[in-house]
Amino acid sequence: MERRKFIKTCCYSAIGIPIAATLMQSCGGIYYATTNRINGRLAISKSEFIQIKKDKKINRKFVLVRTEALDFPICIYNTGENIYSASLLKCTHRGCELNVGGGIYTCPCHGSEFSITGKVLEGPADKNLMTFKTETDYENIYIYVS
Ligand code: FES
């Protein structure tokens with residue numbers, strides 16, 4: 001193999017492998033949870049955050065839910081011990097659906113970024129995401145979605 005061709009191949013591999021790993025990681029983390037309506041609230045069992053892989057218990061950091069009332073999914077993010085944040089995955093710039101991964105929400109349309117609690121980190125969006133009040137009990141997480 002020519003030296004130039006070898007260097008080119010190495011460079012593509014060095015760039016491509018981390019990108020592929022990141023994409024696979026973000027794709028593998030998307031999970032839509034089952035919900036119930038309880039007293040007008042959306043209820044998500046805490047067990048939806050547990051994943052069994054090769055007999056190992058893994059905690060999901062977030063799950064997505066869909067409701068009939070909203071055109072975009074809601075991301076329920078576990079931000080701490082029994083603390084959850086619920087944000088609508090609709091970009092406040094021009095309404096594209098956000099991606100979840102790497103501990104932030106990113107917009108594929110023009111690059112805005114939001115924290116997992118819905119705060120703008122990077123424009124062009126200048127408004128925070130729509131968020132929903134959450135409560136928990138021993139079994140469930142409740143989201144106040146009208
Ligand atoms: Fe999200 Fe423009 S629609 S940054």
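Counting starts at 1 for both ligands and their atoms, following the listed order. What you see is a predicted model, and the numbers here were worked out from it, not measured in a lab.
Between Cys96 and Cys91, a gap of 2.5 Å or greater is found separating the two SG atoms.
Taking the centre and axis of the six-membered ring of Tyr142, the NZ or CZ atom of Arg41 falls inside the cone set by 45° and 6.0 Å.
The contact set between ligand 1 and Ser112, taken as ligand atoms under 4.0 Å from a residue heavy atom, comprises 4 (S).
The closest non-hydrogen atom to atom 3 (S) of ligand 1, taken over Glu97, Arg94, Glu122, comes from Arg94.
Using a cut-off of 4.0 Å between Lys/Arg side-chain N and Asp/Glu carboxylate O, Lys133 and Glu135 are scored as salt-bridged.
Restricting His93 to its N/O/S atoms, the shortest distance to atom 2 (Fe) of ligand 1 is reached by ND1. The nearest N/O/S atom of His110 to atom 2 (Fe) of ligand 1 is ND1.
For Cys91 atom SG and Cys107 atom SG, the angle they make at atom 1 (Fe) of ligand 1 is roughly 110°, to 10 degrees.
Annotation: side chain of Lys46 is not in contact with side chain of Asn140 (no heavy-atom distance under 4.5 Å). At least one side-chain heavy atom of Arg94 sits under 4.5 Å from a side-chain heavy atom of His110.
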